[in-house]
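What follows is a set of notes on a single structure, which appears directly below.
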Amino acid sequence: MPTYVIPTETGPDTEPQDLRTTLDGQVFQLSLRYNTRAAMWRMDLLDDSGAALAAGLSLRNAGIPATGALLFQRGYPQGMLAAVPSDNSTEDAGLEELGARVLLTYRTQAGG
């Protein structure tokens with residue numbers, strides 16, 4: 001099961017971020033926002049037309065991947081989106097750390 005890094009912007013003034021990415025041959029939109037009160041990144045998952053599939057998914061370093069509960073539902077990516085630290089830390093990505101210390105990754109469901 002290959003794992004891919006989804007490029008995100010890093011540094012000051014990089015929030016919010018709206019990305020388009022292809023996951024397992026299907027185009028999705030990802031809307032990334034930093035929640036200051038919760039001190040974590042949140043992600044909305046949309047299909048290619050902009051229709052919401054899921055909102056407010058937490059990009060946490062530890063625990064269930066962002067899309068873990070959505071697996072195998074029609075229209076959703078069949079793999080898993082997850083925030084993965086590049087160090088041994090279990091701290092969530094800070095405002096300027098997503099794409100640097102913590103990477104947004106996609107692990108395909110099947111080999112491919």
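- Side-chain contact between Pro77 and Gln26 is absent, with no heavy-atom pair separated by less than 4.5 Å.
- A distance of 11.0 Å separates OG1 of Thr21 from CD of Gln29, quoted to the nearest 0.5 Å.
- Exactly one of Asp92, Leu32, Asn35 qualifies for a side-chain contact (heavy atoms from CB on, under 4.5 Å) with Leu59. That residue is Leu32.
- The only member of Asp48, Leu45, Thr22 that meets side-chain contact (heavy atoms from CB on, under 4.5 Å) when paired with Phe28 is Leu45.
- Annotation: the span from Leu104 atom CG to Ile6 atom CD1 amounts to 4.5 Å, rounded to 0.5 Å.
- Taking a cutoff of 4.0 Å between a charged side-chain nitrogen and a carboxylate oxygen, Arg33 and Asp44 do not qualify as a salt bridge.
- Crowding of Asp13 atom CG: a count of heavy atoms from other residues, nucleotides or ligands under 6.0 Å not exceeding 12.
- By the rule that hydrophobic residues join a cluster once side-chain heavy atoms approach within less than 4.5 Å of another member, Leu57 and Leu46 end up as members of separate clusters.
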- Message: What verdict does the side-chain contact (heavy atoms from CB on, under 4.5 Å) test give for Thr8 and Leu19, after you've listed the backbone C-alpha separation in whole Å, the side-chain angles of each residue and the deciding distance to 0.1 Å?
- Response: CA-CA 8 Å; Thr8 57; Leu19 314 170; 3.9 Å; yes
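- Between the CG atom in Asp87 and the CD atom in Glu97 there is a gap of 8.0 Å [rounded to 0.5 Å].
- Val84 and Leu81 fall into different hydrophobic clusters, where Ile, Leu, Val, Met, Phe, Trp and Tyr side chains are chained together by heavy-atom contacts under 4.5 Å.
- Side-chain N or O atoms of Thr105 include none that pairs as donor or acceptor with a backbone N or O of Thr3 at under 3.5 Å.
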Quick one: side chains of residues 36-43, donor-acceptor pairs under 3.5 Å with protein atoms, not counting sequence neighbours, listed by atom name and distance.
from	atom 1	to	atom 2	distance (Å)
Trp41	NE1	Gly94	O	3.0
Arg42	NH1	Gly56	O	3.3
Arg42	NH1	Ser58	OG	2.8

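- Separation of atoms CG (Leu30) and CD (Gln17) is listed at 10.0 Å; rounding is to 0.5 Å.
- Here Val5 sits in one hydrophobic cluster together with Leu103; the rule is ILVMFWY side chains under 4.5 Å apart, joined directly or through other members.
- The backbone N or O of Gly79 lies less than 3.5 Å from a partner atom in the side chain of Tyr106, making a donor-acceptor pair.
- With no hydrogens or angles considered, a side-chain donor-acceptor pair links Asp18 and Ser31 at under 3.5 Å.
- For the atom pair CD (Glu96) and OG1 (Thr14), the distance works out to 7.0 Å, reported to the nearest 0.5 Å.
- A donor-acceptor pair under 3.5 Å is absent between the side-chain atoms of Ser86 and the main chain of Val102, judged by distance alone.
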